[in-house]
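Written out below as structure tokens is the structure these notes cover.
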Protein chains: 2
Amino acid sequence: MDSEKKQIENKAFTEECNAVLMAVSDALYAIGGKWKLMIIISMARGNKRFTEIQRQVKGISARVLSSELKELEINGFIIKKVAVGYPVTIEYELLPYSQTLQEVVEAMTKWGMQHRQKIKTESSLDKSKN
Amino acid sequence: MDSEKKQIENKAFTEECNAVLMAVSDALYAIGGKWKLMIIISMARGNKRFTEIQRQVKGISARVLSSELKELEINGFIIKKVAVGYPVTIEYELLPYSQTLQEVVEAMTKWGMQHRQKIKTESSLDKSKN
DNA sequence: CGGCATCCAAATAGATACTG
DNA sequence: CAGTATCTATTTGGATGCCG
């Protein structure tokens, strides 16, 4: 391969790489962070109330949950529904757009499970060495 | 559906949800954050040198890249190779384990691209309204 | 080139108390 | 129940200088 051709290929390669990086960066901006995916997962299982979600998403504080829900609403993943009455009941619902995350969630879940398995195997190997 | 059956189903549902949440939480712990996936993507395209990676992963500082590379090495995704000589050359290489992230990366890339498209469409709609 | 050390600013998040 | 307010502690990260 002559060096001119190499340069052209490298350029295309770099551009493809940049496109992928930009996409992943966009994705991380919207759904990155410790909580957003977990909240969506919990809601996809039917949790709608603030306290329900907080109970299932272990470790999240009310303050953080509150601000995450706001961001998810702004970004079109969920909607907050306030039903008048005594007492007022507030429910959060997934919007169709959050369905588009299904593949991402599935891939992460699958990977997370096999990763946990790997860690477990490694730590039991460590033990058997001692 | 009687309430006993409902409770049993709810319990199974909650447990499945917890399993998924735990998996995703594990995954986020290992590969979450702003940079890790991006570094792996850049390396998968052939970038091996510190400065190369820094150039391609826009916005990352040397200090942060350095610490991220260390974590990636500890977690078995990459290996640091030091070639003696003048000057010493240092290269980072992906280990086979990082191949297991391919599905995750693909899903995130795909989603990120369509998300960017959605944002662009929305903002051009906004403009046409004014 | 591939970092590490230091200092400092900003963002993030926990704890606690409080409200309608 | 569904949050908000406040305060503080911790984490994170940028800037800079230095080193072999």
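The figures that follow rest on heavy atoms only: side chains count, while hydrogens, waters and symmetry mates do not. A note on names: the letters A, B, ... follow the listed sequences, proteins ahead of strands, and every chain is numbered from 1.
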Subject >> F77(A) six-ring centre to K36(A) NZ/CZ under 6.0 Å and within 45° of normal >> reply: no

**OP:** Give the C-alpha distance, both sets of side-chain angles, the deciding distance and a yes or no for side-chain contact (heavy atoms from CB on, under 4.5 Å) between I60(A) and Q54(A).
**Re:** CA-CA 6 Å; I60(A) 196 169; Q54(A) 195 184 5; 4.0 Å; yes

Original post:
Can E106(B) and K110(B) be counted as an ion pair, charged N to O under 4.0 angstrom?
Top reply: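 Here E106(B) does not pair with K110(B) in a salt bridge, since their nearest N and O are not under 4.0 Å apart.
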
Subject >> Short N-O contact, E93(A) and K80(A), less than 4.0 angstrom >> reply: no

Does [N] have OP1 or OP2 sitting under 4.0 Å from an N or O in the side chain of [X]?
X	N	result
Y86(B)	dG20(D)	no
S66(B)	dC4(C)	yes
K80(B)	dG2(C)	no

Subject >> Residues L65(A), W35(A); criterion side-chain contact (heavy atoms from CB on, under 4.5 Å); working and verdict >> reply: CA-CA 8 Å; L65(A) 177 56; W35(A) 303 115; over 6 Å; no

Original post:
Is there a donor-acceptor contact under 3.5 Å linking the side chains of Y29(B) and H115(A)?
Top reply: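 No, no side-chain donor-acceptor contact under 3.5 Å.
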
Original post:
Should M108(B) and V104(B) be marked as a side-chain contact (heavy atoms from CB on, under 4.5 Å) after you check the CA-CA gap, both sets of side-chain angles, and the distance that decides it?
Top reply: CA-CA 6 Å; M108(B) 296 262 302; V104(B) 173; 4.2 Å; yes

Original post:
What does nucleotides 9-20 of chain C look like as a protein-contact string, B for base, S for sugar-phosphate only, - for none, at under 4.0 angstrom between heavy atoms?
Top reply: ----BB------

Original post:
Expressed in angstrom and rounded to an integer, what is the separation of I78(B) atom CD1 from dG2(C) atom P?
Top reply: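 I78(B) atom CD1 is separated from dG2(C) atom P by 13 Å.
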
Original post:
Among dC4(C), dT4(D), dA2(D), which is the nearest nucleotide to the side chain of K70(A)?
Top reply: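 Among the listed nucleotides, the one closest to the side chain of K70(A) is dT4(D).
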
**OP:** Five pairs at each end of the helix from dC1(C)-dG20(D) to dG20(C)-dC1(D): take the axis at both ends and give me the angle between them to 10°.
**Re:**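 Terminal axis comparison yields 50°.
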
Original post:
Hey, which of E52(A), K48(A), M43(A) is the one that makes side chain to side chain contact (heavy atoms under 4.5 Å, CB included) with Y92(A)?
Top reply: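 The side chain to side chain contact (heavy atoms under 4.5 Å, CB included) with Y92(A) is passed solely by M43(A) among E52(A), K48(A), M43(A).
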
